[in-house]
Q: 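Next up is a structure, given as structure tokens.
Lettering follows sequence order; numbering is per chain, from 1. No hydrogens, no waters, no symmetry mates; every other heavy atom, side chains included, goes into these values. None of these values were measured; they are calculated from a predicted model.
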2 protein chains.
Amino acid sequence: MKPKIRTEDHILETAREVFTQYGYDGTSMQMIADRAGINKSLLHYYYRSKEKLFGQIFSRVFSQFIPHLGVIFMSDMPLEEKISTFVDRYIDVFLNNPYIPIFVMQELSKNPQHLAELIREAGIHPELMIENISQMLNRENIRMNDPRQFLVNLIGLCIFPFAARPLIQRMIFDNDREAYDRFLAERKKEVVTFMLNAIQKT
Amino acid sequence: MKPKIRTEDHILETAREVFTQYGYDGTSMQMIADRAGINKSLLHYYYRSKEKLFGQIFSRVFSQFIPHLGVIFMSDMPLEEKISTFVDRYIDVFLNNPYIPIFVMQELSKNPQHLAELIREAGIHPELMIENISQMLNRENIRMNDPRQFLVNLIGLCIFPFAARPLIQRMIFDNDREAYDRFLAERKKEVVTFMLNAIQKT
DNA sequence: GTCTATATGGCGATAGAC
DNA sequence: GTCTATCGCCATATAGAC
């Protein structure tokens with residue numbers, strides 16, 4: 001019945017669930033302990049403090065999903081392929097880890113410095129991506145001339161429906177989980193087509 | 001020197017600043033009192049509890065900005081004009097109240113129910129917008145066939161650069177405030193062009 | 001209206017029994 | 001490893017002087 005998982009991992013997974021739903025400040029050690037079915041002290045036994053526990057989760061979340069993304073725009077694919085590859089992988093990560101976008105948006109304004117460092121450590125270097133996009137836009141003489149607008153549009157279209165899910169699902173999907181899952185699954189195709197049309201490469 | 005504002009309003013404005021930066025849980029009554037230069041007890045004198053104070057701000061933020069938006073898609077403008085009007089006003093609101101998107105994203109997953117009610121009370125009825133968009137997409141035989149994808153793209157493109165500002169400004173604008181302000185100002189034109197191209201109406 | 005003082009409770013964290 | 005008990009702190013909130 002009870003799958004025998006090591007307590008340490010069980011805590012980490014439970015803490016991730018609670019932290020990603022309520023944010024750092026909205027989460028108490030008691031909440032995590034209760035949900036994990038263990039004692040509060042045990043949390044401190046494994047992870048010395050709330051901040052250390054949170055930090056572990058935070059880093060883990062990033063290192064697990066970001067590394068594959070940094071290289072795409074540094075490769076020598078044609079623009080269309082870069083876009084579709086990036087969107088595919090990016091949205092895939094969120095489909096498999098839907099808590100990430102909400103988590104990021106929630107903590108984003110409290111310590112952007114720290115978040116930015118984590119992202120850089122995970123291998124994302126936006127200035128390189130910008131440089132690469134800029135070259136492509138020129139070479140393939142595309143309508144859009146600001147690579148930063150391009151990048152923000154691209155990422156925004158991928159992240160937003162995941163980050164705002166609780167609200168969107170409730171307001172325009174009658175809070176129907178499965179309907180929203182189907183909606184999200186369709187976004188890979190949707191975003192790629194949308195982006196390619198927008199920059200007039202069809 | 002000291003502008004003689006009624007204490008009650010002074011508190012409300014200060015509280016808005018703190019709440020919108022740190023979120024509900026990240027804000028303490030002490031922080032608000034300190035920043036407002038008054039005593040903690042005075043907060044309770046004017047607003048009975050932290051929750052009541054927060055509630056006032058929350059409602060106020062919405063009622064002040066949303067009402068103008070609900071009607072746009074219900075009007076009889078042609079599609080292009082609806083898009084550009086909506087984007088213009090929407091982004092204008094955020095340019096004048098840049099804290100709103102971050103605020104919303106931060107509280108969004110804690111109590112989506114409450115947030116959805118506030119938005120409805122403020123006159124936004126997504127189901128009507130969806131219905132209207134759906135008719136337009138059919139009538140003007142446009143590539144995109146799912147009005148919900150259309151709406152999510154539209155709103156995401158408007159909100160995302162504001163919601164993720166702390167991170168984006170730091171990572172791809174060298175944390176240059178003014179440069180990012182210029183970037184945001186350009187987004188009105190950018191988003192409208194982008195949307196119209198994407199649905200192939202130029 | 002605005003302050004000081006204080007009540008009450010939950011928080012993160014630790015000590016120590018088992 | 002896991003628990004109970006408890007410390008010290010800071011949170012929200014209230015009472016009461018001025």
Q: Looking at A/Phe19, A/Tyr24, A/Phe54, which one forms a ring-ring contact (aromatic ring centres under 6.0 Å, His included) with A/Phe103?
A: A/Phe54
Q: I need the OH-P distance between B/Tyr45 and C/dC3, as an integer number of Å.
A: 12 Å
Q: Can you see which heavy atom on B/Pro147 is nearest to which on B/Ile133, and at what distance?
A: CB-CG2, 3.8 Å
Q: State whether the distance check finds a donor on one side and an acceptor on the other, under 3.5 Å, for side chain B/Ser28 versus base D/dT12.
A: no
Q: Tell me: CG of B/Asp34 to P of C/dC3, nearest whole Å?
A: 12 Å
Q: Would you mind telling me which of D/dA13, D/dA5, D/dG1 lies closest to the side-chain atoms of A/Ser41?
A: D/dA5
Q: Test side chain to side chain contact (heavy atoms under 4.5 Å, CB included) on A/Ile100 and A/Phe162; report intermediate values, then the result.
A: CA-CA 9 Å; A/Ile100 292 180; A/Phe162 289 91; over 6 Å; no
Q: Would you mind reading off the distance between B/Ile38 atom CD1 and C/dG1 atom P, rounded to a whole angstrom?
A: 13 Å
Q: Nearest to the side chain of B/Met29 - C/dT2, D/dT12, D/dG1?
A: D/dT12
Q: By nearest atom, which of the nucleotides C/dC3, C/dG12, D/dT14 is closest to the B/Asn39 side chain?
A: C/dC3
Q: Check the distance between C/dG12's C1' and A/Met31's CE and give it to me in whole angstrom.
A: 15 Å
Q: Nearest whole angstrom, please: distance from the P of C/dC11 to the CD of A/Glu51.
A: 17 Å
Q: Nearest heavy atom decides the nucleotide; on that basis, is A/Leu42 or B/Ser49 closer to the 5' end of DNA chain D?
A: A/Leu42
Q: Between B/His44 and D/dA13, is there a contact of a side-chain N or O with OP1 or OP2 at under 4.0 Å?
A: yes
Q: Rounded to the Å, how far apart are A/Lys40 NZ and D/dC7 P?
A: 14 Å
Q: Might you confirm whether atom CD of B/Glu178 has over 12 heavy atoms from other residues, nucleotides or ligands at distances under 6.0 Å?
A: no
Q: What nucleotide among D/dA13, D/dT4, C/dT2 has an atom nearest to a side-chain atom of B/Lys50?
A: D/dA13
Q: Could you state the atom-to-atom distance from OH of B/Tyr22 to P of D/dA11 in whole Å?
A: 14 Å
Q: If we ignore angles and hydrogens, is there a donor and acceptor under 3.5 Å between the side chains of B/Gln21 and B/Glu17?
A: no
Q: Would you mind reading off the distance between A/Gln30 atom CD and C/dG9 atom P, rounded to a whole angstrom?
A: 16 Å
